[in-house]
Amino acid sequence: MKKKNLCPYKALIVIINEGRNIEDKVLYVLKNYDITRSVISFAKGTAPSSISDFFGFGVDNKIVVSTFVDSGRVGEITADLKEILELDKSNRGMIFTLPITALSSNILGLWRKVDERKS
């Protein structure tokens, strides 16, 4: 029997090439959806060049933006991010979501309280 996921959020991960203040574009889109809490990390591509060349990824500096988004709005948020970041072009980056199957009730409660204050 499949368990029902009771968490109303999904983890949204955006990995993009560093430069052109690209993280500002991501944060702009997220802010339009009232998502004001994100973690921005800096990374480097680690795949060997033959693999990265095959998939069209360079071994450039990367920016990783992570946040939680309302599960019901994932489609529209990712569509806006894909458009503004031009992810349909090669070597721009990627975006994906992960289901959150377990989240500490304390963290989830804190997240909801902040959301309620915005309303």
Side-chain angles (χ1 to χ4, degrees):
M1 182 176 189
K2 187 176 178 181
K3 289 185 178 182
K4 184 177 179 182
N5 186 358
L6 299 177
C7 185
Y9 299 103
K10 287 193 174 192
L12 173 78
I13 313 295
V14 181
I15 303 173
I16 45 181
N17 291 331
E18 187 179 46
R20 303 180 337 260
N21 294 326
I22 197 83
E23 66 272 18
D24 291 341
K25 290 181 179 182
V26 175
L27 297 177
Y28 173 79
V29 170
L30 295 177
K31 188 174 180 181
N32 284 338
Y33 289 96
D34 293 324
I35 300 168
T36 57
R37 295 160 299 203
S38 302
V39 175
I40 298 175
S41 305
F42 298 94
K44 278 197 179 289
T46 59
S49 78
S50 60
I51 293 173
S52 62
D53 290 345
F54 177 78
F55 287 108
F57 300 127
V59 185
D60 298 327
N61 291 332
K62 307 287 183 190
I63 295 172
V64 180
V65 180
S66 308
T67 192
F68 294 140
V69 298
D70 185 297
S71 296
R73 301 194 82 188
V74 166
E76 58 189 306
I77 294 169
T78 56
D80 283 354
L81 285 167
K82 286 177 184 178
E83 181 180 342
I84 200 164
L85 298 173
E86 300 176 330
L87 294 181
D88 57 332
K89 297 179 181 177
S90 66
N91 201 26
R92 293 293 178 138
M94 69 173 82
I95 184 171
F96 58 94
T97 59
L98 299 170
I100 301 172
T101 56
L103 189 61
S104 162
S105 61
N106 291 336
I107 294 172
L108 185 56
L110 178 63
W111 199 272
R112 285 183 173 160
K113 281 182 186 178
V114 172
D115 284 345
E116 289 170 2
R117 286 185 201 147
K118 289 183 203 174
S119 302

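Start at 1 with the first residue, then count along the sequence.
With sequence neighbours excluded, the residues satisfying side-chain contact (heavy atoms from CB on, under 4.5 Å) with F96 are I13, I15, M94, L98. For the side chain to side chain donor-acceptor pair (under 3.5 Å) test, no residue two or more places apart in sequence or in another chain qualifies with N32. Looking at residues two or more places apart in sequence or on another chain, you find a side-chain contact (heavy atoms from CB on, under 4.5 Å) between S71 and K10. A search for salt bridge (charged side-chain N to carboxylate O under 4.0 Å, His left out) contacts involving E18 returns nothing, not counting sequence neighbours.
Side-chain contact between F42 and I63 is present, with at least one heavy-atom pair separated by less than 4.5 Å. A heavy-atom distance below 4.5 Å is not found between the side chains of V64 and V14. Looking only at side-chain heavy atoms (C-beta outward), V65 and V39 stay at 4.5 Å or farther from each other.
No donor-acceptor pair closer than 3.5 Å links the side chain of T97 to the backbone N or O of L12.
Applying the salt bridge (charged side-chain N to carboxylate O under 4.0 Å, His left out) test to every pair with at least one member in residues 64-75, sequence neighbours left out, gives these pairs: R73-E76.
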Could you walk me through whether I40 and L27 pass the side-chain contact (heavy atoms from CB on, under 4.5 Å) check?
CA-CA 10 Å; I40 298 175; L27 297 177; 3.7 Å; yes
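Note that NZ of K62 and CG of N17 are 3.5 Å apart. Values are rounded to the nearest 0.5 Å. Rounding to the nearest 0.5 angstrom, the gap separating the CD1 atom in I77 from the OG1 atom in T67 is 8.5 Å. Atom CG of L85 sits about 11.0 Å away from atom NZ of K82, to the nearest 0.5 Å. Atoms OH and CG, on Y28 and D80 in that order, are 9.5 Å from each other to the nearest 0.5 Å.
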